[in-house]
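A short worksheet on the structure shown next.
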Number of protein chains: 2
Amino acid sequence: MYPFLRPEQYKVKQPTDKYPSRISDKPVMIDRDDPVVYGKWHKESSLSEEQSAFYEKNGYLFLDQFFSPDEIIEWRQELRRLQKLYEQREAEYVIREPGGSDVRSIFAVHENNELFKQLSANPRLTAIVNHLLGSDTYIHQSRINFKPGFTGKEFYWHSDFETWHVEDGMPSMRALSCSIALEDNFHFNGPLMVVPGSHKKFVSCVGKTPDNHFKQSLRRQEYGVPDPDSLTKLVKHGGIDTIVGSAGSIVLFDCNIIHGSNSNITPLPRSNVFLVYNSVENTLTEPYSGQKPRPDYIAARSIR
Amino acid sequence: MYPFLRPEQYKVKQPTDKYPSRISDKPVMIDRDDPVVYGKWHKESSLSEEQSAFYEKNGYLFLDQFFSPDEIIEWRQELRRLQKLYEQREAEYVIREPGGSDVRSIFAVHENNELFKQLSANPRLTAIVNHLLGSDTYIHQSRINFKPGFTGKEFYWHSDFETWHVEDGMPSMRALSCSIALEDNFHFNGPLMVVPGSHKKFVSCVGKTPDNHFKQSLRRQEYGVPDPDSLTKLVKHGGIDTIVGSAGSIVLFDCNIIHGSNSNITPLPRSNVFLVYNSVENTLTEPYSGQKPRPDYIAARSIR
């Protein structure tokens, strides 16, 4: 269904590598060479001037109760249905928990599922996204994430852009993620944590990516991981914000912000819909690693 | 230094087993058959009437800034010194992280270390403890815990009493723990979580304890673990409280309250001193499992 592409399909010449990573033995911090908010704010913008400025400065924006309880119920039912379905059924776009068989994520839901396709095109949402990225946009990646109760594992700190750049060939920082909470997020059930301001630095990571790294990395990341010293510096500077709020809230965050989450031993599961929007002016080129790109269900290689 | 005891040293006849556990295939919830606060409150008591009532109802009490910053600095320096010392040196009372060699806990610090011995006898602290337990008390167990930054692992939900009863032979619920924060505790660096009210139910756990279980269980618990259904019921009833506060704060909690903590991927370590006080009228008998008791550095078998 999502075969690997042939070289002629992904060998799109890439611009100069502004953000080299996984090529040196020493981690380096590089200043961001791209805007954060690409759209010029005006009175008809989809965000207030304060919201736009907050996103620029901190790299994220939390919008409480963006979706209504009715909308959420429908998506949550669909998510439960898919979780049950894929407990038994194998599919390459279904990722399981490390060391177990529980479903952790289902990818490409904006293509495979009518409800989530509609959600990804929600006009209130895309108006905000298009303002922040200053152009039309398309879905680079989508997934639903399950963080089960009792055994939900942590996601270690990372910048999404680091991976999308090195492994997928995304040239510039002109993409963002939107996470839609389908369950209430508390401090104690492994909510998203971000390092405000970290999106303005690029942490070049050490080591070389092994071939077909993605099969492992979606379960547990080992390459493209920021080093402890850089993380400590970024946290000393910006602190840590924890994103908590009721089901229906959303958080938009820049592709380069450092984020992660702790484990969840509580009985309260945490699940969300995760949509990544990329600017149509920032489509993928050859991966900067020089390796084969990841499959299309993880990183869309054409605008559809 | 802490040899296993010979049978004649621990074969103290035990009272009837009010709280059977690890003997059935099915988990059971039993009502608590012991008081929570044993001391009668009066105007000269070491706690206010409200504090005493809060502890009785919820099973824990948080006291912010109980110790001064100066006291904390001294203990933190000592903790750092011990952590460094035992990085290299082996000792049976030093427990390391699962799957690693980082020091997780050092036991029996109230005996092996002059500073922590003094701390365990702090008059302001023991006045409160003796009020709650309604008698003189002694240290049943002490340790310092390190929850390192980046890689701090979770502690799964458990009741301490379940283990102390089954593996150590503690007859009744007449003990409590005091955790002294040596670092600031935030929502995001894996703080203690408790289930308020859960101390009034005893969750009888399934399975039989293997011999010498403690060697593994101090790193990762596998027996004496409450089942998901009982946990869900208790959380539905009492919720989850997260104990956060600055260094120097303390939390006292009943031996039977269900508690645990999530992982800590943040750069901010979390360490504490952990003191367990038992009533002199509740000294250990033969373990209710019928097995050999755990060594003295984990569970003091005599009042010293």
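Each chain gets a letter, A, B and so on, in the order its sequence line appears, and its residues count up from 1. This structure is a prediction, so every number in the text was calculated from the model and none was measured.
Of all residues spanning residues 175-186 of chain B, none has a heavy atom less than 4.5 Å away from chain A's heavy atoms. Taking non-hydrogen atoms and a 4.5 Å limit, the residue list of residues 258-267 of chain A in contact with chain B, ordered by number, reads A/Gly260, A/Ser261, A/Asn262, A/Ser263, A/Asn264, A/Ile265, A/Thr266, A/Pro267.
The structure places CE of B/Met193 at 13.0 Å from NE2 of A/His187, a figure rounded to the nearest 0.5 Å.
No other option in B/Val195, B/Leu231, B/Leu268 has as many heavy-atom pairs under 4.5 Å with chain A as B/Leu231.
Under the ring-ring contact (aromatic ring centres under 6.0 Å, His included) criterion, B/Tyr55 pairs with no residue, sequence neighbours left out.
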Distance-only criterion, 3.5 Å: show the donor-acceptor pairs between side-chain atoms of residues 238-246 of chain A and protein atoms not counting sequence neighbours.
unit_1   : atom_1 : unit_2  : atom_2 : d
A/Asp241 : OD2    : A/Tyr60 : OH     : 2.5

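Side chains of B/Tyr156 and A/Thr151 form no contact here, defined as non-hydrogen atoms less than 4.5 Å apart.
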